[in-house]
Engineer: 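Starting off with a structure, shown below.
Since the model is a prediction, treat every value here as computed from it, not as a measurement. Below, chain A is the first sequence line, B the second, and so on; all start at residue 1.
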Amino acid sequence: MARVDDEPPPDVVVAGRLVGLRRMGGTSFAQLRDGSGEVQLFLNQQSLGQVAYRHALEVLDVGDFVSAGGPLFRTRTAEPSVRVERLQVAAKALRPLPAKWHGLHDAETRFRQRYLDILANDDVRRRFEARTSIVSALRRVLDDHGFLEVETPTLQPVYGGGAATPFVTTYAALNRDYYLRIADELYLKRLLVAGYERVYEICKNFRNEGIDSSHCPEFTMLECYQAFADLGDMRELAQQLVAAAAEAACGTRQIQFDDRVLDFTPPWRRVTYRDALLASTRVDLERDGSTSALKDAAKANEIPVDPSWSRAKLLDELMKTLVEPTFVQPTFLERYPTETAPLAKRCPDDPRYIERFEVFVNGMEMANAYTELNDPLEQRARMEEQASARYGADATPVDEDFLLALEHGMPPAGGLGLGVDRLVMALAGVTNIREVILFPQLRDRS
RNA sequence: GGGCUGGUAGCUCAGUUGGCAGAGCAGCGGACUUUUAAUCCGAAGGUCGUGGGUUCGAGACCCACCCGGCCCA
């Protein structure tokens with residue numbers, strides 16, 4: 001490879017985007033950038049020829065892609081430069097780049113024209129590179145553990161694996177409504193039935209619900225399932241995945257986030273659901289966890305209560321409002337009440353609880369894991385309960401095809417879901433999920 | 001859905017008690033043969049988010065709406 005101080009001066013060809021142009025009469029300087037860095041072009045009447053030189057200045061604009069050839073040398077100020085003897089415009093820019101020194105700050109334009117945001121703002125460009133490193137690190141950990149990466153349907157005839165409103169679409173060839181997946185859990189479990197013992201998928205899920213700083217209707221989830229494993233194995237795996245992601249993105253497990261440091265070094269804190277609720281609301285699920293006790297607690301904390309809410313919904317609201325925001329450092333919330341999730345196995349010592357944890361960071365849910373329910377009879381009962389009117393708007397349909405698979409025998413297993421966007425948020429130190437999604441959807445301007 | 005806040009030139013932003021719409025950068029014209037946020041001279045650039053209203057006069061005040069941001073539900 002040619003070096004700038006080689007003798008004789010090596011003849012090189014460079015190409016990239018013009019990001020600066022200083023016209024100074026008979027000599028001009030241009031700044032050329034590509035993915036690897038920048039180099040200065042030295043444009044001069046003598047080396048380029050009078051006609052070509054004049055034409056170049058006429059036609060060149062900042063933003064153009066150009067290729068240039070000529071000897072590599074240093075200018076008087078020792079700046080490595082190409083003395084341009086041949087010049088070609090490879091692509092013309094018709095619109096100007098965002099102001100070089102003021103950048104692009106308007107949030108709306110940054111989201112609507114992300115390419116300009118990435119072009120103008122180094123921190124944004126690096127953040128999306130970090131996102132890719134994080135996803136690679138997650139894959140590496142799972143691949144190293146012998147997990148098989150698979151692809152399952154995005155379009156599903158029955159939605160399941162979570163409680164959410166789906167996007168509905170029409171599958172013309174099959175002449176019926178289909179749903180964009182809200183989760184891929186039930187398909188990955190079918191693969192456990194099939195005999196694959198470790199599977200995972202990183203995919204987009206779609207939930208037709210609100211948009212705010214931590215929710216995007218189209219988001220990325222990692223789900224993995226491991227046969228003959230339990231919640232304790234998932235706890236280990238979650239810590240390993242996140243620690244590896246942190247090191248990949250930041251080179252450390254201690255992440256500066258605003259004025260605090262998030263420490264992802266295992267082991268993370270563990271709190272039981274009952275203890276957390278008790279500490280924040282003085283509701284003790286062991287003494288009086290009735291619907292009316294939960295309603296009283298909600299009212300006492302100025303949470304507006306819809307009379308139609310189920311006990312599960314009340315619990316969720318209390319936890320969301322009073323408990324979860326208090327978990328700043330990575331925390332496992334464990335031993336959930338049984339009605340909070342129909343797909344998790346009950347605790348062997350107490351059927352009122354399930355073997356489930358969620359991980360919270362910065363007050364935000366980041367992961368969810370169970371020892372998976374693999375008893376087809378209980379699964380049917382729990383799904384039918386979840387489908388009943390008592391769950392109102394949160395009711396989810398019974399997936400008969402999934403139950404059929406379970407009836408053929410699913411090995412005991414642990415399963416883990418990890419919200420990739422939220423993991424990236426925590427590691428990148430941003431508080432809006434749109435900052436980690438390349439092309440977030442916005443309302444039409446007009 | 002509620003509260004707060006923003007939308008002015010391509011970009012970043014000013015705009016005072018209501019009185020001719022501003023700056024820097026970019027762009028355009030000119031000078032300049034070693035600059036690097038080049039410099040200097042000149043000219044130009046506007047549906048002040050949209051629609052109403054108040055007023056002799058509205059970018060500013062009032063009402064409604066559109067599109068964002070932050071917080072809350």
Engineer: Between the main-chain N or O of A:Ser36 and the side-chain N or O of A:Asp34, is there a donor-acceptor pair closer than 3.5 Å?
Structural biologist: yes
Engineer: In whole Å, measure the gap between the P atoms of B:rA21 and B:rA58 for me.
Structural biologist: 11 Å
Engineer: Answer with yes or no whether A:Thr75 presents, from its side chain, a donor or acceptor under 3.5 Å of a partner atom in the base of B:rU35.
Structural biologist: yes
Engineer: Among B:rU34, B:rU33, B:rU35, which is the nearest nucleotide to the side chain of A:Gln40?
Structural biologist: B:rU35
Engineer: Quick one: look up who B:rA58 pairs with, Watson-Crick or G-U, both distances under 3.5 Å, and put none if it's unpaired.
Structural biologist: none
Engineer: Write down the distance separating the C1' atoms in B:rG46 and B:rC13, rounded off to the nearest Å.
Structural biologist: 15 Å
Engineer: Provide the Watson-Crick or G-U wobble partner of B:rU34, both distances under 3.5 Å; none if there is no partner.
Structural biologist: none
Engineer: Taking only N and O in the side chain of A:Arg76, is any of them less than 4.0 Å away from OP1 or OP2 of B:rU35?
Structural biologist: no
Engineer: For this output row, return yes or no: ring centroids of A:Tyr200 and A:Tyr225 closer than 6.0 angstrom.
Structural biologist: no
Engineer: Which of parallel (below 30°), tilted (30 to 60°) and perpendicular (above 60°) describes A:Phe327 and A:Phe360?
Structural biologist: tilted
Engineer: Rounded to the nearest 0.5 Å, what separation is found between the CD1 atom of A:Ile437 and the CE atom of A:Met425?
Structural biologist: 9.0 Å
Engineer: Return no unless some side-chain N or O of A:Arg22 is found under 4.0 Å from OP1 or OP2 of B:rA38.
Structural biologist: yes
Engineer: Can you tell me how far C1' in B:rU16 sits from the matching atom in B:rC25, rounded to whole Å?
Structural biologist: 26 Å
Engineer: Can you identify which nucleotide, out of B:rA73, B:rU34, B:rU12, has its nearest atom closest to the A:Thr321 side chain?
Structural biologist: B:rA73
Engineer: Kindly point out which of B:rC13, B:rG10, B:rG69 is positioned nearest to the side chain of A:His105?
Structural biologist: B:rC13
Engineer: Between A:Gln45 (CD) and B:rC32 (C1'), how many Å, whole number?
Structural biologist: 11 Å
Engineer: Going by distance alone, is a donor N or O of one side chain under 3.5 Å from an acceptor N or O of the other, for A:Thr272 and A:Glu334?
Structural biologist: no
Engineer: 5'-most contact on RNA chain B: A:Arg443 or A:Pro304, nearest heavy atom basis?
Structural biologist: A:Arg443
Engineer: Does A:Tyr370 have A:Arg356 sitting over its ring (NZ/CZ under 6.0 Å from centre, angle to axis within 45°)?
Structural biologist: no
Engineer: Is there a Watson-Crick or G-U wobble partner for B:rU12 with both distances under 3.5 Å, and if so, which one is it?
Structural biologist: B:rA23
Engineer: Select one nucleotide: of B:rU12, B:rU34, B:rG27, the one nearest the side-chain heavy atoms of A:Phe73.
Structural biologist: B:rU34
Engineer: Base of B:rU33, side chain of A:Gln46 - is there a donor-acceptor contact under 3.5 Å?
Structural biologist: yes
Engineer: Kindly point out which of B:rG68, B:rC28, B:rC32 is positioned nearest to the side chain of A:Met24?
Structural biologist: B:rC32
Engineer: Closest approach to the side chain of A:Leu104, judged atom by atom: which nucleotide of B:rA38, B:rA73, B:rU12 is it?
Structural biologist: B:rU12
Engineer: Whom does B:rG29 pair with, Watson-Crick or G-U wobble, provided both distances fall under 3.5 Å?
Structural biologist: B:rC41
Engineer: Can A:Tyr273 and A:Thr340 be counted as having a side-chain donor-acceptor contact under 3.5 angstrom?
Structural biologist: no
Engineer: For B:rC65, what is the paired nucleotide under Watson-Crick or G-U wobble rules, both distances under 3.5 Å?
Structural biologist: B:rG49
Engineer: How close or far is atom P of B:rC28 from atom CG of A:Leu60, stated in whole angstroms?
Structural biologist: 11 Å
Engineer: Between A:Leu97 (CG) and B:rA37 (P), how many Å, whole number?
Structural biologist: 18 Å
Engineer: Taking the six-membered ring for Trp and the single ring otherwise, decide whether the centroids of A:Phe42 and A:Phe73 are under 6.0 Å apart.
Structural biologist: yes
Engineer: By the 4.0 Å heavy-atom rule, please label A:Arg23 as base, sugar-phosphate, or nothing.
Structural biologist: base
Engineer: Could you identify which residues of residues 423-436 of chain A place a heavy atom less than 4.0 Å from some atom of RNA chain B, listed by residue number, or say none?
Structural biologist: A:Asn432, A:Arg434
Engineer: Can you tell me how far C1' in B:rC20 sits from the matching atom in B:rC63, rounded to whole Å?
Structural biologist: 28 Å
Engineer: If you find the nucleotide of RNA chain B closest to A:Ser213 and the one closest to A:Thr109, which residue's nucleotide is nearer the 5' end?
Structural biologist: A:Thr109
